[in-house]
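To start, the structure itself, in structure tokens.
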Amino acid sequence: YQWIQIVADAPAPVEEDFTILAIGSSYLSSENTMRYVYQMAKAAGYTNIKLGNIYKGGVKMSSNYNSLKNNSATYSYFENDTGTWVKTHDQNYSINAALAERDWDYIVINQGLIQAGLKDEYSRLEEYLALIREYCPNAKIYFSMSWSYPEGSTETAFPTYYQSSQEVMFNMILDVAKTRILPQGIGLLPTGTAMMNARASGVHEAVLTYDQLGHLRWPFGCYLASLALFCGITGMEETLYAASLGIDVVITDHHECKEMLPNAVAVVDPHREDCTYPFKHLAGVGVALKLVLALGGENREDALFARYCT
């Protein structure tokens with residue numbers, strides 16, 4: 001609620017247009033991760049919003065690459081410029097046509113959930129990105145992270161590739177993000193991290209997903225993923241707005257840093273290039289704890305540690 005209140009009161013961003021094309025499987029679709037992005041952009045002050053979703057159920061990245069290369073018209077297409085998603089093509093549209101529709105500001109891609117943590121399934125990523133950039137050279141490209149199957153899922157891929165373990169699967173997804181996605185110089189959207197954090201915080205699986213495949217339940221699961229995507233793309237604006245009100249913002253994070261850091265008083269992240277802290281794999285709570293201990297000073301370190309960690 002506080003986040004929605006802040007962005008609703010904020011002045012419109014400098015960029016009047018806000019256009020996103022999402023390319024991929026059902027997890028990124030207008031029924032899942034993209035479902036509430038329009039409403040969030042509207043609340044943030046954008047006045048000319050155009051969202052597109054080119055979608056095929058169960059599709060993996062290499063199939064998207066081949067379809068783009070061969071101009072295959074086998075996808076469904078949804079668009080949203082009013083707040084409501086509308087299907088305009090049913091399994092007869094191409095990724096090529098969707099890319100050529102306009103000069104998109106942002107393009108978001110994903111990987112099928114079965115293949116999400118399998119490094120070999122990203123072998124065409126560089127060529128895929130090159131083809132996308134031929135159509136939209138000015139667009140910023142982001143990759144939307146996947147989340148693990150629900151615990152106890154009977155989906156065949158879960159035991160076959162991931163030992164029927166959410167932790168094993170998501171660690172493999174994180175490793176792919178670090179070794180396959182980030183080296184390509186594209187943005188990484190923490191949609192999967194948001195879902196896994198919700199699970200770890202005790203949010204019941206039935207609130208987040210509705211089937212063995214981990215598709216998102218309306219409204220909470222979809223809202224959470226939409227929020228992670230929207231903030232991942234536009235996260236600078238809220239910090240700048242808070243600064244304009246005279247609010248000092250300190251950000252703690254444990255993910256890989258973007259090329260440009262938010263304009264905050266401090267960004268505490270062990271992955272910063274100028275950070276000399278020796279251990280780079282702290283969880284988010286660990287980074288926050290380190291900040292509390294530093295603010296408390298050496299004389300209070302033991303007391304603070306005992307208060308918050310025991």
Side-chain angles (χ1 to χ4, degrees), residues 22-35 53-70 72 74-76 78 91 95 107-129 131-132 141-184 186 188-200 205-206 208-217 221-222 224-225 228-229:
I23 307 171
S25 67
S26 55
Y27 299 93
L28 185 56
S29 72
S30 57
E31 290 297 312
N32 282 260
T33 297
M34 288 292 292
R35 183 162 188 153
N53 172 219
I54 185 98
Y55 149 78
K56 182 186 286 188
V59 71
K60 60 182 181 178
M61 182 182 291
S62 60
S63 297
N64 287 333
Y65 163 74
N66 288 325
S67 294
L68 180 54
K69 183 179 180 181
N70 298 314
S72 301
T74 57
Y75 289 73
S76 295
F78 299 77
Q91 301 181 41
I95 298 175
I107 295 172
V108 182
I109 62 175
N110 78 334
Q111 177 64 283
L113 193 58
I114 291 174
Q115 301 83 15
L118 306 178
K119 289 183 179 181
D120 290 345
E121 293 290 344
Y122 294 79
S123 61
R124 294 292 191 180
L125 176 57
E126 187 172 355
E127 297 166 274
Y128 183 35
L129 294 174
L131 288 178
I132 291 173
I141 303 177
Y142 288 85
F143 180 84
S144 178
M145 289 178 64
S146 301
W147 46 93
S148 301
Y149 287 110
E151 202 68 69
S153 172
T154 57
E155 171 61 26
T156 304
F158 201 28
T160 302
Y161 301 117
Y162 305 112
Q163 303 174 37
S164 294
S165 167
Q166 286 187 335
E167 182 179 2
V168 168
M169 183 173 182
F170 194 61
N171 282 337
M172 291 173 68
I173 291 171
L174 290 174
D175 186 51
V176 162
K178 184 175 181 179
T179 61
R180 295 291 190 270
I181 306 301
L182 292 175
Q184 296 296 329
I186 62 176
L188 184 65
L189 300 175
T191 40
T193 302
M195 293 296 297
M196 299 304 292
N197 283 345
R199 286 166 168 168
E205 188 69 41
L208 297 170
T209 66
Y210 66 83
D211 63 8
Q212 295 290 319
L213 299 174
H215 286 110
L216 300 178
R217 184 178 292 279
C222 295
L224 181 61
L229 183 146

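The model shown is predicted, which means the values in this text are computed figures rather than measured ones.
Without hydrogens or angle criteria, Gln111 side chain to Glu121 main chain gives a donor-acceptor distance under 3.5 Å. No donor-acceptor pair closer than 3.5 Å links the side chain of Asn70 to the backbone N or O of Ser72. A distance-only check finds a donor-acceptor pair linking the side chain of Ser153 to the backbone of Gln212 [under 3.5 Å].
Between Tyr149 and Ile114, the closest side-chain pair of non-hydrogen atoms falls below 4.5 Å. Residues Leu113 and Phe158 fail the side-chain proximity criterion, which asks for heavy atoms closer than 4.5 Å. The side-chain heavy atoms of Met195 and Leu216, taken from C-beta on, include a pair separated by under 4.5 Å. The shortest side-chain heavy-atom distance between Arg124 and Lys69 does not fall under the 4.5 Å cut-off. Using a 4.5 Å heavy-atom threshold, the side chains of Val168 and Met172 count as touching. Looking at Met61 and Phe143, their side chains come closer than 4.5 Å, going by heavy atoms from C-beta outward. Residues Val108 and Leu229 are in side-chain contact: their nearest non-hydrogen atoms beyond the backbone lie under 4.5 Å apart. Side-chain contact between Arg199 and Ser148 is present, with heavy atoms from C-beta onward closer than 4.5 Å.
Between the CG atom of Leu125 and the CG atom of Asn64 there is a distance of 11.5 Å, given to the nearest 0.5 Å. A distance of 12.5 Å separates OG of Ser165 from CZ of Phe170, quoted to the nearest 0.5 Å. Leu189 contributes atom CG, which lies 11.0 Å from atom CD1 of Ile181 (distance to the nearest 0.5 angstrom). Rounding to the nearest 0.5 Å places OG of Ser25 at 13.0 Å from NZ of Lys60. Rounding to the nearest 0.5 angstrom, the gap separating the CG atom in Asn53 from the OG1 atom in Thr33 is 10.0 Å. Atom CD of Gln91 is separated from atom OG1 of Thr74 by 8.5 Å, given to the nearest 0.5 angstrom.
Within a 6.0 Å radius of OH in Tyr210, more than 12 heavy atoms belonging to other residues, nucleotides or ligands are found. Within 6.0 Å of CD on Gln163 lie no more than 12 heavy atoms contributed by other residues, nucleotides or ligands. Crowding of Glu151 atom CD: a count of heavy atoms from other residues, nucleotides or ligands under 6.0 Å exceeding 12. For CD of Glu126, the number of neighbouring non-hydrogen atoms (other residues, nucleotides, ligands) closer than 6.0 Å is 12 at most. Counting non-hydrogen atoms of other residues, nucleotides and ligands closer than 6.0 Å to CG of Asp120 gives a total of 12 or fewer.
For Leu224 against Ala198, the heavy-atom pair with the smallest separation is CD2-CB, 3.7 Å. Among all heavy-atom pairs drawn from Ala116 and Val176, the shortest one is O-CG2, 3.9 Å. Nearest heavy atom pair, residue Tyr55 against residue Ser26, reads CE1-CA, 3.3 Å. Pairing each heavy atom of Pro150 with each of Thr209, the nearest pair is CG-OG1, 3.9 Å.
Using bins of under 30°, 30° to 60° and over 60° for the plane-to-plane angle, the ring pair Tyr27/His215 lands in the parallel bin.
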Next item on the list: Apply side chain to side chain contact (heavy atoms under 4.5 Å, CB included) to the pair Ile109 and Ile132, showing each step before the final yes or no.
Entry: CA-CA 10 Å; Ile109 62 175; Ile132 291 173; 4.0 Å; yes
Next item on the list: Show the numbers, then the answer: is there a side chain to side chain contact (heavy atoms under 4.5 Å, CB included) between Trp147 and Asn197?
Entry: CA-CA 10 Å; Trp147 46 93; Asn197 283 345; over 6 Å; no
Next item on the list: Go through the steps to decide whether Thr179 and Tyr122 satisfy the test side chain to side chain contact (heavy atoms under 4.5 Å, CB included), and finish with yes or no.
Entry: CA-CA 10 Å; Thr179 61; Tyr122 294 79; over 6 Å; no
Note to self: side chain to side chain contact (heavy atoms under 4.5 Å, CB included), that's the test. Do Met145 and Leu174 meet it? Break it down for me.
What the structure shows: CA-CA 8 Å; Met145 289 178 64; Leu174 290 174; 3.6 Å; yes
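Tested against Ser144, the residues Thr191, Asn32, Asn110 include a single side-chain hydrogen bond (donor to acceptor under 3.5 Å, both in side chains) partner, Thr191.
With 3.5 Å as the limit, one finds a donor-acceptor pair spanning the side chains of Tyr75 and Ser67.
Looking at residues two or more places apart in sequence or on another chain, you find a side chain to side chain donor-acceptor pair (under 3.5 Å) between Asp175 and Lys119.
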